[in-house]
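In each ligand, atom 1 is the first atom listed, and ligand 1 is the first ligand listed.
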Amino acid sequence: MTHRFDFLVLGSGIAGLSYALKVAECGTVGIITKKERAESNTNYAQGGVAAVMSQLDSFDLHVRDTLSAGVGLCHRDAVEILVREGPERLRELAQIGVEFTRNQAGELDLAREGGHSINRIVHSHDLTGREIERALVARVTSHPNIQVFENHIAIDLLTEHHAATKHVIDRTNIHCWGAYALNVHENAVHAFLANAVLLATGGLGHVYLHTTNPQIATGDGIAMAYRAGATIANMEFVQFHPTSLYDSGSPSFLISEAVRGYGGILKTQDGEEFMQKYDERKSLAPRDIVAYAIDTELKRRGEDFVLLDLRHLPADGIIEHFPHIYETCLNKFKLDITREPIPVVPAAHYACGGVLTDTNGRTSIHGLYASGEVSMTGVHGANRLASNSLLEGLVFSDRAARDARRFFREHPVAIPEIKDWDDSGTLNSEEWVLISHNRREIQQIMWDYVGIVRSNLRLERALRRMDLIRNEVETFYKKTKVTEGLIELRNLALCAMLIIKCAMKRRESRGLHVTTDYRERNDKEFLADTIVD
Ligand code: FAD
Ligand code: SIN
């Protein structure tokens, strides 16, 4: 079956939904999403959205903090846009009904997180993402121009490769006209066609064994874009959040950085503070530094977790500011965070790299935009500043929507006839164990060899193993009817490979990429993005 829209959106987190509402003003919109519509990283965001909303703050300060966290690799033009357009985008969220936490005077309650030199995090208690997602989903669901396809997983982007009549393939001039997607309930693949396509499929946390990301985060968008010929950048910069609750299952439960902003202190198991050895900002240093410090202490001491201690803070304040974290720890994990220190470990959290875009969300493929965690806009450089991610999704989806509307008006697209999905000759596989085993193997390899601290030896070992797994998976994929598990496995294997390859290219330590073979930062040779075409 073929579905046609003016605009197609892949993903229903903050980037996809906020874009959809804006392009729906001038055309029909189809949104494809893997699970039910609210399921996304966005829905689990805790801390909030960083933006200049107080007289005490300034654009210059937010720009400076972002550039400093990014360790030399942020694109200054993109950062300026992020910071200057952010407050207006937040006001728009409030207008569609997002309730942000306010103080007794009715002003926004601005919280603090690592790397910020001032309180600037706008939040809804400690469930900011859920509140934003709720309001966006409500708007999208009632919009007459928007149709949402839940439980549809995009498989691949439609380009010249998929045209029914033969097209000359020129890698410098590729067009995107839509995507094939598997309707998971019907077990049927449909083609979705549109004049402009937005990739908003989020991150790739599940490339790693331990992650804060929900199950949807398997790097599908990056893998699809790479296979279609888009330029990908900076995949080596995977951010590990310093404080996920130790042994809390998959995904790991996050203890928001705002908890440290509120005064929580990191200690070793014998109660010693250690962050002063790594950075003068101590527990409130940027994430790359804190995660590295915890990893180093754990390895040095042979321990499994460090502690986040809140016992010196007033219990009622903790409960008021972090009701979700307090209740989840108490009810699900039998831990009273007002009385007991919290055992925490780093976990894979965020992809700073992704599909390279310009400041209007355009990728290197005509008609294909990318926004949110799937994209590499240049705002995060080698390490994202806390709470700049939701902001990035909002700001660059707005810009992409404006550009796509212009593109749609000015360049009517002639979409060629697209081949139907052809799975003749493939078999239904009973071999689920191959998928689950390969998935686990990828996650273990990436965790052990391509984690917070890397080395040439570990990366070479990871590359050899990943090569083997990828070949196995591709062979299996060609012979087998697609399933959600197989689609994700193929994408996880490819994203893992892209991370390893980018990490091998960067022969220095910078931000989130730390290697024991090149301990220093090397601006002379590596003050540039890592590009894979
Ligand atoms: P997502 O919100 O992840 O949405 C991606 C969408 O794409 C989902 O709907 C998914 O189902 C869909 N999708 C994926 N693959 C496919 C496919 N193949 N086919 C169809 N659909 C697909 N950032 C902050 O700025 N502040 C915070 O406080 C914060 N807290 C966080 C807490 C946690 C626990 C986590 C995990 C992340 C947090 N982040 C935070 C990061 C932030 O939430 C994400 O980076 C951001 O929400 C990404 O938004 P997005 O729209 O790009 O992707
Ligand atoms: C958190 O609440 O610690 C997450 C913030 C972020 O990922 O930016």
statement: atom 49 (O) of ligand 1 has as its nearest protein heavy atom T42 OG1, 3.3 Å

task: May I have the step-by-step check of ring pair (Phe, Tyr, Trp, His ring centres under 6.0 Å) for H324 and F253, ending in yes or no?
output: CA-CA 11 Å; H324 172 64; F253 182 63; 5.7 Å; yes

message: Counting non-hydrogen protein atoms only, what is the nearest one to atom 34 (C) of ligand 1? Give residue, atom name and distance.
response: Y44 O, 3.5 Å

Nitrogen or oxygen of T212 less than 3.5 angstrom from that of ligand 1: no

task: Anything under 30° is parallel, anything over 60° is perpendicular, the rest tilted; go ahead and classify Y19 against Y369.
output: tilted

message: Measuring from atom 53 (O) of ligand 1, which candidate in G202, A181, A351 has the nearest non-hydrogen atom?
response: G202

task: Quick one: look up the protein heavy atom nearest atom 52 (O) of ligand 1 and list residue, atom name and how far away it is.
output: E373 N, 2.9 Å

- prompt: What protein heavy atom sits nearest atom 18 (N) of ligand 1, and how far off is it?
  reply: D220 OD2, 2.8 Å

task: Pick, from S389, A38, G393, S244, the option with the minimum heavy-atom distance to atom 45 (O) of ligand 1.
output: S389

task: Return a yes/no value for A45: is any of its N or O atoms, backbone included, closer than 3.5 angstrom to an N or O of ligand 1?
output: no

- prompt: Any side-chain heavy atom of N119 within less than 4.5 Å of one from D109?
  reply: no

message: Side chain, backbone, both or neither: which applies to L254 and ligand 2 if a contact is any heavy-atom pair less than 4.0 Å apart?
response: side chain

task: Report yes if some N/O of A258 lies less than 3.5 Å from some N/O of ligand 2; otherwise report no.
output: no

- request: Among all protein heavy atoms, pick the one closest to atom 37 (C) of ligand 1 and tell me residue, atom and distance.
  value: H349 CE1, 3.4 Å

field: Nitrogen or oxygen of N213 less than 3.5 angstrom from that of ligand 1
entry: no

message: Once you measure the plane-to-plane angle for Y208 and W447, does it fall in the parallel (<30°), tilted (30-60°) or perpendicular (>60°) bin?
response: perpendicular

query: Given H116, which of D57, I121, L61 fulfils the side chain to side chain contact (heavy atoms under 4.5 Å, CB included) condition?
result: I121

- prompt: Is A15 close to ligand 1, meaning an N/O of one under 3.5 Å from an N/O of the other?
  reply: yes

query: Centres of the H3 and F149 rings: under 6.0 Å?
result: yes

field: Option from E488, H206, K34 for which side chain to side chain contact (heavy atoms under 4.5 Å, CB included) with Q215 holds
entry: H206

field: Identity of the nearest option to atom 21 (N) of ligand 1, non-hydrogen atoms only, from Q46, K34, M224
entry: K34

- prompt: Where on L254 is there a heavy atom closer than 4.0 Å to ligand 1, on the side chain, on the backbone, on both, or on neither?
  reply: side chain

- prompt: So, for Y350 and H380, is the gap between ring centers shorter than 6.0 Å?
  reply: yes

- prompt: Quick one: which ligand 2 atoms are inside 4.0 Å of a heavy atom on E257?
  reply: 1 (C), 2 (O), 3 (O)

field: Heavy atom of H241, distance to ligand 1 below 4.0 Å
entry: no

message: Minimum distance, heavy atoms only, to atom 24 (C) of ligand 1: which one of V9, I216, V374, L390 is it?
response: L390

message: Within the structure, is a non-hydrogen atom of T128 found at a distance of less than 4.0 Å from ligand 1?
response: no

- line: Residue, atom and distance of the protein heavy atom nearest atom 7 (O) of ligand 2 read H349 NE2, 2.7 Å

query: Under a heavy-atom criterion of less than 4.0 Å, does A200 contact ligand 1?
result: yes

message: With heavy-atom distances below 4.0 Å as the criterion, list the atoms of ligand 2 near A386.
response: 8 (O)

query: How close does the nearest protein non-hydrogen atom get to atom 6 (C) of ligand 2, and which residue and atom is it?
result: R287 NH2, 2.9 Å

- prompt: Should you measure from each heavy atom of R384, which atoms of ligand 2 turn up under 4.0 Å away?
  reply: 6 (C), 7 (O), 8 (O)

message: Against ligand 2, does Q239 come closer than 4.0 Å with any heavy atom?
response: no

- request: Consider ligand 1: state whether an atom of it lies below 4.0 angstrom from any non-hydrogen atom of V49.
  value: no

- line: Among non-hydrogen protein atoms, atom 14 (C) of ligand 1 lies closest to T201 O, 3.3 Å

query: Are any of the N or O atoms of E113 closer than 3.5 Å to those of ligand 1?
result: no

message: Checking a contact table here: which protein heavy atom is nearest atom 8 (C) of ligand 1, and how many Å away?
response: E39 O, 3.4 Å

- prompt: Looking at the rings of Y292 and F240, which for Trp means the six-membered one, are their centres under 6.0 Å apart?
  reply: no

Subset of ligand 2 atoms that lie under 4.0 Å from at least one heavy atom of H241: 1 (C), 3 (O), 4 (C)

- prompt: Judging by distance only, is a nitrogen or oxygen of A154 under 3.5 angstrom from one on ligand 1?
  reply: yes

statement: Per-atom filter on ligand 2: closer than 4.0 angstrom to a heavy atom of S387 are 6 (C), 8 (O)

- line: re atom 43 (O) of ligand 1, the protein heavy-atom contact at minimum distance is N41 O, 3.6 Å

query: Strictly under 4.0 Å, does any heavy atom of S387 approach an atom of ligand 1?
result: yes

query: Among G11, G48, G47, G219, whose heavy atom sits nearest atom 26 (N) of ligand 1?
result: G48

